[in-house]
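Small disclaimer: the values here were computed from a predicted structure and weren't measured.
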Amino acid sequence: MRMHKKSRLEERMAACGDLVKMADLTDKNMQRASLTPEYVPFNDVFGNANPLYLEIGCGKGKFVCEMAKKFPNVNFIACEKISNVLIEALERVKDEGLKNVYFLNCAAEVLAKYIEQGAIERIYLNFSNPLPKEGYKKQRLTHPRFLNIYRGLLKRGGLILQKTDDEDFYRFSLDGFKEAGFEVISVCEDYRAPDGDDAETEHERRFKDMGKRIFRVIVRV
């Protein structure tokens, strides 16, 4: 189903301009575009040099907002390429007055354009689109081409934490992590409740209410 454009979207995005870096879409070739750095000065953005955690595909922002409140001494970067979705997360952070969340309105393919290599300590992949059709395999956020991007962004010893309700995607991801040389730290095939180091997403609560299993994987560079 096609998503209807939010009312006054451009105006609302502009009102949250201090919370977001908008992608430069001049070059439609994302691989080439990522080679021209426009690094965001996160120490200046946040006013400190606290650890940086990155959520890729933040949706409406429930997870990143809860994590930001739980960990005030961590700076969270939330990436979402669909501005029609991102606006709700932006307004949520603005309304709640959170100072340790900043957004990138871009695709995962160009994250290295805006984030310096080795800057990130954790990457969260929460309920990414599993894209089950074989022809879309390269678009899955745990395909090797994305894992190579994440490896560059993460500090040595940095973590990737993935949650999904799709078993086939979970197994595809787990195999990919292993083949890419990531160290598997933790695997759970029926993740019931977030531990003290985690928070629920909108999708997660709905899937649990439906009785679906949640798969969780933690890997390390």
Side-chain angles (χ1 to χ4, degrees), residues 1-10 12-13 15-17 19-23 30 40 52-71 74-111 114-115 120 122-132 136 139-143 146 149-150 153 159-166 169-170 173 191 193-195 197-210 212-218:
M1 182 182 295
R2 186 168 183 174
M3 184 185 299
H4 292 291
K5 183 178 178 181
K6 296 286 196 303
S7 64
R8 301 183 297 105
L9 179 61
E10 290 80 7
R12 292 162 65 187
M13 290 289 290
C16 298
L19 297 176
V20 59
K21 171 68 175 180
M22 306 294 291
M30 287 186 281
V40 176
L52 295 173
Y53 291 5
L54 169 66
E55 183 186 13
I56 301 176
C58 70
K60 297 178 181 178
K62 180 179 185 294
F63 175 84
V64 75
C65 286
E66 290 191 16
M67 291 292 283
K69 286 181 279 190
K70 188 179 287 191
F71 300 102
V74 173
N75 293 329
F76 290 87
I77 306 166
C79 171
E80 176 58 59
K81 68 178 180 179
I82 303 173
S83 56
N84 207 40
V85 174
L86 176 61
I87 186 58
E88 295 192 38
L90 282 166
E91 291 178 340
R92 185 171 191 159
V93 166
K94 195 175 186 72
D95 290 345
E96 296 188 16
L98 297 172
K99 303 301 182 184
N100 58 332
V101 182
Y102 189 79
F103 294 89
L104 296 177
N105 186 195
C106 72
E109 287 92 335
V110 293
L111 282 168
Y114 302 108
I115 302 174
I120 303 297
R122 291 190 180 186
I123 291 176
Y124 294 95
L125 300 173
N126 293 318
F127 301 93
S128 311
N129 190 332
L131 298 166
Y136 290 98
Q139 301 302 318
R140 297 172 190 164
L141 289 182
T142 52
H143 184 274
F146 287 105
I149 294 172
Y150 308 154
L153 297 177
L159 302 178
I160 298 176
L161 302 92
Q162 181 197 24
K163 289 189 284 188
T164 180
D165 66 303
D166 189 292
F169 182 44
Y170 151 70
S173 302
Y191 186 62
D195 54 29
D197 201 25
D198 192 20
E200 275 190 338
T201 75
E202 296 94 338
H203 289 96
E204 187 171 357
R205 171 43 50 196
R206 185 165 68 252
F207 292 145
K208 287 176 180 175
D209 290 344
M210 294 167 60
K212 299 186 72 173
R213 281 196 296 163
I214 305 300
F215 300 87
R216 190 188 194 216
V217 182
I218 303 176

Next item on the list: Using ring pair (Phe, Tyr, Trp, His ring centres under 6.0 Å) as the criterion, point out the one residue from F127, Y170, F169 that pairs with F215.
Entry: Y170

Checklist line | Minimum heavy-atom distance between L111 and I56, given as atom pair plus value | finding: CD1-CD1, 3.6 Å

Next item on the list: Any chance you could measure I87, atom CD1, to K6, atom NZ, to the nearest 0.5 Å?
Entry: 9.0 Å

Next item on the list: Quick one: list whatever passes side chain to side chain donor-acceptor pair (under 3.5 Å) with E202, sequence neighbours left out.
Entry: none

Next item on the list: Name all residues meeting the side chain to side chain donor-acceptor pair (under 3.5 Å) criterion together with R213; count only those two or more places apart in sequence or in a different chain, and write none if there are none.
Entry: E167

Checklist line | The single option from L125, V217, I218, T142 passing side chain to side chain contact (heavy atoms under 4.5 Å, CB included) against I160 | finding: L125

List, one per line, each side-chain donor-acceptor pair under 3.5 Å for residues 57-71, sequence neighbours excluded.
unit_1	atom_1	unit_2	atom_2	d
K62	NZ	E66	OE2	2.7
K62	NZ	E200	O	3.4
K69	NZ	E96	OE1	3.0
K70	NZ	D198	O	2.6

Check: Does any non-hydrogen side-chain atom of L86 lie less than 4.5 Å from one of M13?
Finding: yes

Check: According to the ring pair (Phe, Tyr, Trp, His ring centres under 6.0 Å) rule, which pairs have a member within residues 80-107, sequence neighbours left out?
Finding: none

Note to self: Going by salt bridge (Lys or Arg N to Asp or Glu O under 4.0 Å), name the residues that satisfy it together with R122, two or more places apart in sequence or in a different chain.
What the structure shows: D197

Margin query: Ignoring hydrogens, what is the shortest heavy-atom contact between I82 and N105? Give both atom names and the distance.
Written below: N-ND2, 4.2 Å

Next item on the list: Measure the CD1-SG distance between I123 and C79 for me, rounded to the nearest 0.5 Å.
Entry: 10.5 Å

Margin query: Looking at every heavy atom in both I115 and L153, which two are closest together, and how far apart are they?
Written below: O-CD2, 3.6 Å

Notebook entry, point to check: Atom CE in M22, atom OG in S83: separation rounded to 0.5 Å?
Noted result: 6.0 Å

Checklist line | Heavy-atom donor-acceptor pair, R216 side chain to L161 backbone, under 3.5 Å | finding: no

Item checked: Distance (rounded to the nearest 0.5 Å) between E204 CD and K208 NZ -> 4.0 Å

Checklist line | N75 CG to L52 CG distance, which is reported to the nearest 0.5 Å | finding: 6.0 Å

Notebook entry, point to check: Going by heavy atoms in the side chains, are L9 and N84 under 4.5 Å from each other?
Noted result: yes

Margin query: Quick check for you: to the nearest 0.5 Å, what is the distance between N129 atom CG and T164 atom OG1?
Written below: 9.5 Å

Item checked: Residues which pass side chain to side chain donor-acceptor pair (under 3.5 Å) with E55, listed by chain and number, not counting sequence neighbours -> N126

Next item on the list: Report yes if some heavy atom in the side chain of R12 is under 4.5 Å from a heavy atom in the side chain of S7; otherwise report no.
Entry: yes

Check: Counting heavy atoms not belonging to K212, are there more than 12 under 6.0 Å from its NZ?
Finding: yes

Check: So which of P130, S173, S128 actually passes side chain to side chain contact (heavy atoms under 4.5 Å, CB included) with D166?
Finding: P130

Note to self: Below 30° counts as parallel, above 60° as perpendicular, anything between as tilted: where do the rings of Y53 and Y124 land?
What the structure shows: tilted

Note to self: A side-chain contact here means heavy atoms from C-beta on lying under 4.5 Å apart; do Y150 and L141 qualify?
What the structure shows: yes

Check: Quick one: are K163 and H203 in side-chain contact, heavy atoms under 4.5 Å?
Finding: no

Notebook entry, point to check: Which atom names give the shortest non-hydrogen contact between A108 and I149, and what distance separates them?
Noted result: O-CD1, 4.0 Å

Next item on the list: Give the minimum heavy-atom separation between C16 and K94, together with the two atoms involved.
Entry: SG-CD, 3.9 Å

Note to self: Please check this pair: side chain of R140 against backbone of P132, looking for a donor-acceptor N/O pair closer than 3.5 Å.
What the structure shows: yes

